[in-house]
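In what follows, a single structure is set out as structure tokens and then discussed.
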Number of protein chains: 2
Amino acid sequence: MDKKIATIQDVARVAGVSTATVSRTLSKPTVVAAATREAVLNAVAETGYRINATASNLRRQRTGSVIVLLPNIANPFFAQILAGLSSILTPAKYGMLIADTQSGPDPDERLVHYLTSGQADGLILLDGSLSPDALKIPGRPPIVMACEWMGSDLPSVRVENGRGAAMAVGHFAQLGHRSVGHVTGPRGNVLAESRLEGFRSALTSLGLPLRHDWILEGDFSMDSGAAAANAWLAMEDRPTALFFASDEMAVGFMGVVQRAGYSVPEDVSIVGFDNIEIVQHLSPALTTIRQPRTQIGIRAAELLLRMIETGTLTGPSDLIEIEFIRRGSACPPPVGE
Amino acid sequence: MDKKIATIQDVARVAGVSTATVSRTLSKPTVVAAATREAVLNAVAETGYRINATASNLRRQRTGSVIVLLPNIANPFFAQILAGLSSILTPAKYGMLIADTQSGPDPDERLVHYLTSGQADGLILLDGSLSPDALKIPGRPPIVMACEWMGSDLPSVRVENGRGAAMAVGHFAQLGHRSVGHVTGPRGNVLAESRLEGFRSALTSLGLPLRHDWILEGDFSMDSGAAAANAWLAMEDRPTALFFASDEMAVGFMGVVQRAGYSVPEDVSIVGFDNIEIVQHLSPALTTIRQPRTQIGIRAAELLLRMIETGTLTGPSDLIEIEFIRRGSACPPPVGE
DNA sequence: AACGCGTATGTAATCGTTTGCAAAGAAAGG
DNA sequence: CCTTTCTTTGCAAACGATTACATACGCGTT
């Protein structure tokens with residue numbers, strides 16, 4: 001009954017070699033003679049030796065893990081990005097540490113904490129509303145943004161948010177809508193801002209009216225979509241089409257208006273953003289802008305690994321194509337309006 | 001420009017004390033004299049010292065992180081459990097390492113790998129379909145199951161799956177349904193099995209017919225719910241009520257039948273399981289069984305931390321209350337059927 | 001003066017690897 | 001037979017913290 005776990009010393013003793021040779025056999029097998037190598041591998045099997053990651057990391061001055069900082073784990077939107085990240089990090093022998101900025105008191109402070117704590121070889125940021133000041137920290141590990149970030153030149157993987165908004169507005173215009181509204185993401189969030197900006201400029205370039213009372217503030221959540229629905233129901237002069245900065249808000253909206261006896265898209269056309277899995281199963285299925293979330297995760301992880309490997313803090317930014325997905329939640333506006 | 005990060009040695013030098021004193025000041029401040037403590041803290045501030053977790057962990061023979069093993073990160077169901085876990089682990093200074101069993105080739109092998117690799121002080125399992133053999137490993141870290149597991153006596157946090165199913169069936173019976181079907185989770189998954197079992201025994205104890213062709217196999221996903229809908233539509237003799245082993249399947253089902261021109265609940269009553277956030281925003285809002293997922297995560301994390309702290313491999317099992325949530329997706333069966 | 005005791009600090013070993021350097025031996029060339 | 005070069009291995013010093021043990025000092029007691 002071997003209660004204690006074997007160390008490299010034990011393996012060395014069993015194999016009749018030095019610890020150095022064991023270490024080399026495991027890390028660069030080509031430099032040791034074939035016979036020795038075999039002896040060592042046998043000893044490893046016999047003792048059930050597993051390399052102690054902590055000791056290895058200490059000696060090699062690395063941690064073997066990257067931290068993913070996101071605003072809210074419970075948001076399914078991030079879950080798929082995580083899946084993409086994991087699919088790259090795991091095979092590369094990096095652990096994926098998850099931390100959410102919301103759970104603590106001050107999000108920015110959390111960021112600084114992780115930047116300085118040396119707990120990770122790299123960071124991936126999924127939160128679009130963190131302060132850029134944190135970047136000044138000397139000796140910080142490489143960071144990759146997996147979304148846009150205000151005026152920062154951090155390496156990033158992002159998505160054409162503005163163009164997505166323009167696609168939505170263009171679709172409405174093509175269907176004949178002239179009164180188009182927008183439900184935004186939280187103020188201060190870059191994703192929200194750039195979608196709003198895209199919405200605005202698309203409206204003006206298409207010669208459609210831009211009405212402030214048709215721009216409703218949301219926070220990406222379903223509840224805020226439901227709130228927007230109530231606001232919409234209470235309006236005197238309603239827009240016939242609404243572009244939502246997130247699918248979740250569109251879902252919340254649809255639930256309320258449908259239960260109020262209105263029909264989507266006959267009474268109001270809507271387009272979401274993200275293409276979360278569920279929206280294709282709704283009735284009507286939601287027309288939306290697809291963000292390839294797994295892809296975003298994969299690219300971000302690859303980029304970060306490259307930076308860690310080469311030891312640079314800068315890197316290219318990657319722009320990922322989005323796609324307009326036409327389903328059943330938008331149609332021409334009701335006649336006579 | 002201090003490129004290099006300060007070590008405990010630097011702090012000791014600046015403060016004019018030994019490294020031992022610095023370490024003690026930081027870990028148990030009461031044992032050092034007030035004046036020394038202040039000097040050390042000043043030195044810490046001056047040098048910008050951050051404790052090196054890797055070195056600390058090596059010396060203390062721990063890792064400071066726990067691994068969460070789940071079947072599929074992208075499943076929003078787990079996201080909230082993760083949030084609960086995180087809310088406990090983070091304040092307790094434990095990192096949360098996420099790994100999914102699906103991404104690799106052999107899930108069981110992954111489990112064994114993490115069990116033996118010594119990368120974590122503890123494990124939390126969210127996958128209901130892993131082999132119990134893995135537990136035999138000597139010297140393994142403590143494990144907590146956050147769901148049921150076949151015939152294992154691992155400490156766990158679980159939910160009254162069988163009772164949930166019985167609640168759903170009871171509700172249907174009370175409304176007057178006599179033909180009740182079930183869409184299951186994936187075969188071999190414990191959650192799925194116990195809900196199915198609960199469904200079966202509830203039917204018989206209520207004297208309702210148990211028909212095999214009314215039990216459809218799903219896999220918890222929306223797509224499988226949609227498939228079940230097509231199967232239902234194709235039936236000669238349809239059940240008037242369906243209990244789903246997951247909300248997601250119920251959503252998939254509802255989408256298909258609604259687009260096929262049927263109405264929920266007038267044509268078919270449905271009840272889901274989980275109470276995922278979205279279902280209250282659907283129309284009709286889904287009647288379901290609520291599992292307090294954040295709560296599950298919290299309890300599991302607390303249990304695991306206690307086990308780590310006391311160094312035991314066994315612990316109590318925690319049963320979390322579920323709740324029947326009546327919304328709008330079930331009503332009395334259509335007359336004349 | 002000797003002793004005991006408590007408090008505060010320092011010394012140095014230790015955790016388990018990795019790796020620069022040196023040494024040993026073999027092969028090759030003159 | 002003496003260099004030179006190459007391959008293979010071992011020695012021992014890191015990596016940066018924690019902590020058992022030793023030491024030093026102050027102060028009260030006998």
Side-chain angles (χ1 to χ4, degrees), chain A residues 2-41 43-44 47-65 93 116-121 139 141, chain B residues 2-41 43-44 47-65 93 116-121 139 141:
Chain A
D2 40 325
K3 286 304 281 183
K4 279 182 59 82
I5 31 176
T7 75
I8 201 172
Q9 322 269 0
D10 301 323
V11 179
R13 191 172 339 102
V14 171
V17 297
S18 75
T19 62
T21 303
V22 176
S23 176
R24 280 189 282 252
T25 307
L26 266 25
S27 56
K28 23 180 138 76
T30 56
V31 307
V32 310
T36 333
R37 193 188 319 155
E38 199 185 340
V40 170
L41 292 180
V44 167
T47 54
Y49 170 71
R50 306 290 325 241
I51 193 165
N52 179 317
T54 310
S56 172
N57 287 337
L58 172 60
R59 175 58 225 237
R60 293 164 57 199
Q61 296 287 78
R62 44 160 267 167
T63 69
S65 50
K93 305 281 181 200
T116 55
S117 67
Q119 282 184 51
D121 298 331
Chain B
D2 39 325
K3 286 305 281 185
K4 281 183 56 82
I5 30 178
T7 75
I8 201 172
Q9 322 271 357
D10 301 323
V11 178
R13 192 173 337 104
V14 171
V17 297
S18 75
T19 62
T21 304
V22 176
S23 176
R24 280 189 285 250
T25 308
L26 266 25
S27 56
K28 23 181 140 74
T30 55
V31 307
V32 310
T36 333
R37 193 189 317 155
E38 199 185 341
V40 170
L41 292 180
V44 167
T47 55
Y49 170 71
R50 306 291 325 241
I51 193 165
N52 179 317
T54 310
S56 171
N57 287 337
L58 172 60
R59 174 60 223 242
R60 293 165 56 200
Q61 297 287 77
R62 45 161 266 164
T63 69
S65 49
K93 304 281 180 201
T116 54
S117 66
Q119 281 183 52
D121 299 329

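To find a chain, count down the sequence lines: A is the first, B the second, and so on, and within it residues start at 1.
Rounded to the nearest 0.5 Å, atoms CD1 (B/I51) and OG1 (A/T116) are 12.5 Å apart.
Evaluation of the salt bridge (Lys or Arg N to Asp or Glu O under 4.0 Å) test over residues 49-60 of chain A, restricted to residues two or more places apart or in two chains, returns none. Residue pairs meeting the salt bridge (Lys or Arg N to Asp or Glu O under 4.0 Å) criterion with at least one member in residues 21-40 of chain B, sequence neighbours excluded, do not occur.
What separates CG of B/L58 from P of C/dT17 is a distance of 9 Å, to the nearest Å. Atom pair B/L26:CG and D/dT19:P shows a separation of 13 Å (rounding to whole Å applied). Rounded to whole angstrom, the span from the CZ atom of A/R50 across to the P atom of C/dC15 amounts to 21 Å. Between B/I5 atom CD1 and D/dC15 atom P there is a gap of 12 Å when expressed in whole angstrom units. Atoms CG (B/N57) and C1' (D/dA17) sit 10 Å apart, rounded to a whole Å. Atom P of nucleotide C/dT7 and atom CZ of B/R37 are separated by 14 Å, given to the nearest angstrom. Look at CZ on B/R60: it is 13 Å from P on D/dA20, rounded to the nearest Å. Following rounding to the nearest Å, A/I51 (CD1) and C/dG16 (C1') show an atom-to-atom distance of 9 Å.
A heavy atom closer than 4.0 Å to some atom of DNA chain D occurs in B/T7, B/I8, these being the qualifying members of residues 7-15 of chain B.
Looking at residues two or more places apart in sequence or on another chain, you find no side chain to side chain donor-acceptor pair (under 3.5 Å) involving A/N52. Shown here are the salt bridge (charged side-chain N to carboxylate O under 4.0 Å, His left out) partners of A/D121, two or more places apart in sequence or in another chain: there are none.
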Quick one: which protein N/O atoms are closer than 3.5 Å to N/O atoms of nucleotides 20-24 of chain C? Pair and distance per line, please.
none

Show each protein N/O and nucleotides 25-28 of chain D N/O combination with a separation under 3.5 Å, one pair to a line.
none

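The terminal axes of the helix from C/dA1-D/dT30 to C/dG30-D/dC1, fitted over 5 pairs per end, subtend an angle of 60° to the nearest 10°.
Looking at which nucleotide of DNA chain C each of B/A55 and B/T19 is closest to, the 5′-most match is held by B/T19.
Using a 4.0 Å cut-off, some side-chain N or O of B/T36 falls inside it from OP1 or OP2 of C/dT9. For D/dT9, the OP1/OP2 oxygens have no side-chain nitrogen or oxygen of A/T21 closer than 4.0 Å. The shortest distance between the side-chain N/O atoms of B/S18 and the OP1/OP2 oxygens of C/dG10 is below 4.0 Å.
The A/R59 side chain lies nearest to C/dG16 when the options are C/dG16, C/dA8, D/dA12. The side chain of A/N52 lies closest to C/dT17 when the candidates are C/dT9, D/dA17, C/dT17.
For the pair B/Y49 and B/L26, the minimum side-chain heavy-atom distance is below 4.5 Å.
Pairing each heavy atom of B/R62 with each of B/K93, the nearest pair is NH2-O, 4.2 Å. Contact detail for B/T63 and B/A120: the closest heavy-atom pair is OG1-CA, 3.2 Å.
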Donor-acceptor contacts, no H, no angles, side chain residues 12-20 of chain B, under 3.5 Å, sequence neighbours left out:
residue	atom	partner	partner atom	Å
B/R13	NH2	B/D10	OD1	3.0
B/S18	OG	B/A20	N	3.3
B/S18	OG	B/T21	N	3.4
B/S18	OG	B/T21	OG1	3.4

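Formation of a donor-acceptor pair under 3.5 Å by the B/T36 side chain with backbone atoms of B/V32 is not found in this model.
Among the heavy atoms of the strands lying under 4.0 Å from A/S23 is at least one base atom, whether or not backbone atoms are also near.
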